[in-house]
S.K.: 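Please read through the structure below; I'll follow up with questions.
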Amino acid sequence: MNDDYKRILVVQDISCVGQCSLTVALPILSACGMETAILPSAVLSTHTAKGFEGFTFRDLTDDIPDICAHWQSKNITFDALYTGYLGSTRQVQMVEDMMDTLLVPGGVKIVDPAMADNGRLYVGFDDDYVAAMRRLCARADIILPNITEAAFLTGLDYREEYDEAYIDELLQGLRRLGARDIVLTGVSFSPDTLGVMVYENGQKQYHPHRRIPQMFHGTGDVYASAFTGAYLRGRSLFDSACVAADYTLAAIENTVGAPEHWYGVRFEPVLPVLIERLKKG
Ligand code: PXL
């Protein structure tokens, strides 16, 4: 018997093409050895980023209460809940209910407030969604915002250039929201490095790595999924943040030089990097 075997519920959209959200979370969490249940928040033909204009979008908010009620009638519970891109503001409130009804006692609540990047909200999101996401983050054990999302959540200005004092302000603002632990992604203090800042029990720790000077879609989802897999395998918060950063970098390195692959990262061929890393103590 493998005691690491956990059942996790992932709530995110299905972007049929585009290597983000559930098409990323499911394979990565499976590779990490988790039983992975899904609750699709919406079905889109592609993700919503520039280049995929005209995408279809079916909001599944109205299906969610019946799905959850069925699970409850069968006493189905989960060791962890991991949420990403959600389909509507109403749905964010439904996820709050799931935290109360579908988790085992002590179940882990991981929220990636996937809603913005590069200083802007993704197409389709507004201030109401941000306000709902603030409430969800308040209930989470761990949140994984990027700097843009942290700025929206805290109400602080988004800055492209900053120092450690700005990062501290973001972390303090996020702590005031109520989230227990914070993994802030995309933090850079020098032109050649990028990294993650991990805040736990009043302490912060930084993991820098090489910066590849190109922007890739879906890396937040690759990162949050690998982080969640490592964390549920029993790694510490900081170690999980490092494992996920190194795996995401490997996926990016595997995509550089493939301009036809502009919409996502080729994370699948490097899954063995993650699997091997998790085998090591
Ligand atoms: O990777 C985040 C994400 C998830 N889902 C959809 C998106 C995006 C980012 O643009 O559009 C539908």
Side-chain angles (χ1 to χ4, degrees), residues 9-29 36 38-61 63-64 81-92 94-95 110-126 128-130 132-133 136-137 140 142-153 158 183-186 194 196 212 214-229 244-245 247-249 251-252 254-255 261-268:
L9 174 61
V10 186
V11 190
Q12 293 184 353
D13 70 282
I14 296 178
S15 287
C16 300
V17 169
Q19 284 176 310
C20 69
S21 35
L22 281 180
T23 62
V24 165
L26 198 47
I28 291 180
L29 286 163
T36 312
I38 60 167
L39 183 44
S41 58
V43 179
L44 297 86
S45 50
T46 61
H47 60 59
T48 65
K50 194 164 172 287
F52 278 148
E53 292 78 9
F55 57 85
T56 70
F57 185 102
R58 178 160 316 269
D59 177 4
L60 297 180
T61 305
D63 293 86
I64 289 179
L81 174 66
Y82 156 39
T83 72
Y85 184 106
L86 301 174
S88 67
T89 302
R90 207 152 54 88
Q91 211 172 88
V92 184
M94 290 176 180
V95 171
I110 299 176
V111 173
D112 176 6
M115 60 182 180
D117 207 356
N118 299 313
R120 304 173 68 152
L121 287 174
Y122 295 145
V123 175
F125 290 141
D126 58 14
D128 286 348
Y129 186 87
V130 174
M133 191 50 82
L136 189 64
C137 287
I142 305 168
I143 59 172
L144 298 114
N146 59 34
I147 291 191
T148 304
E149 288 155 351
F152 274 105
L153 288 168
Y158 169 74
V183 179
L184 185 61
T185 60
L194 199 62
V196 284
I212 294 175
Q214 206 180 321
M215 143 76 199
F216 291 92
H217 293 292
T219 49
D221 298 340
V222 170
Y223 183 84
S225 302
F227 169 87
T228 300
Y247 172 61
T248 307
L249 188 64
I252 291 172
N254 192 45
T255 314
H261 209 95
W262 58 270
Y263 51 84
V265 285
R266 307 195 303 186
F267 67 95
E268 306 87 346

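For the single chain, residues carry numbers from 1 onward in sequence order. For ligands, and for the atoms within them, numbers begin at 1 and follow the listed sequence. Here the structure is a predicted model, which means the values were calculated and not measured.
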S.K.: What atoms of ligand 1 come closer than 4.0 angstrom to any heavy atom of H47?
M.R.: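 Per the distance check, 6 (C), 7 (C), 11 (O), 12 (C).
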S.K.: Examine the proximity of ligand 1 to D221 and report which part, side chain or backbone, both or neither, has a heavy atom under 4.0 Å away.
M.R.: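 Only the side chain of D221 comes within reach of ligand 1.
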S.K.: Would you indicate whether the side-chain heavy atoms of I142 and F227 approach each other to under 4.5 Å?
M.R.: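 Yes. Closest side-chain heavy atoms under 4.5 Å.
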S.K.: Going by side-chain hydrogen bond (donor to acceptor under 3.5 Å, both in side chains), Q19 matches just one of H217, H47, E268. Which one?
M.R.: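 Going through H217, H47, E268 one by one, the side-chain hydrogen bond (donor to acceptor under 3.5 Å, both in side chains) with Q19 is satisfied by E268 alone.
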S.K.: Under a 3.5 Å distance rule, please check whether T248 uses its side chain to pair with a backbone N or O of T219 as donor and acceptor.
M.R.: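 The answer is no, because no donor-acceptor pair under 3.5 Å joins these two groups.
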S.K.: Does A25 offer a backbone N or O that forms a donor-acceptor pair with the side chain of Q12 under 3.5 Å?
M.R.: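 Flag not set: sc Q12 to bb A25 has no pair under 3.5 Å.
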S.K.: What residue and heavy atom of the protein are closest to atom 3 (C) of ligand 1, and at what distance?
M.R.: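 Of every protein heavy atom, Y85 CD1, 3.8 Å lies nearest to atom 3 (C) of ligand 1.
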S.K.: Tell me whether the rings of Y122 and F125 are parallel (<30°), tilted (30 to 60°) or perpendicular (>60°).
M.R.: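 Aromatic pair Y122/F125 classed tilted.
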S.K.: With side chains defined as the heavy atoms from C-beta onward, is the minimum distance between T185 and E149 less than 4.5 Å?
M.R.: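 Side-chain contact under 4.5 Å: no.
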S.K.: Check ligand 1 against S21 and write out every atom of the ligand that is under 4.0 Å from a heavy-atom position of the residue.
M.R.: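 Under 4.0 Å from S21, ligand 1 has these atoms: 4 (C), 5 (N).
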S.K.: Calculate, to the nearest 0.5 Å, the distance between atoms CD1 and CG belonging to I28 and D221 respectively.
M.R.: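 Interatomic distance, I28 CD1 to D221 CG, rounded to 0.5 Å: 8.5 Å.
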S.K.: Where on D117 is there a heavy atom closer than 4.0 Å to ligand 1, on the side chain, on the backbone, on both, or on neither?
M.R.: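 Answer for D117: neither.
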S.K.: Got an N/O contact under 3.5 Å between T48 and ligand 1?
M.R.: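 Right, the criterion is met.
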S.K.: So is D13 polar-close to ligand 1, meaning N/O to N/O under 3.5 Å?
M.R.: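 Yes, there is a polar N/O contact under 3.5 Å.
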S.K.: Under a 4.0 angstrom heavy-atom cut-off, which atoms of ligand 1 come close to C20?
M.R.: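 Heavy-atom distances to C20 below 4.0 Å select 1 (O), 4 (C), 5 (N).
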S.K.: Nearest to atom 12 (C) of ligand 1, what protein heavy atom do you find, and at what distance?
M.R.: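 Protein heavy atom at minimum distance: S15 OG, 3.3 Å.
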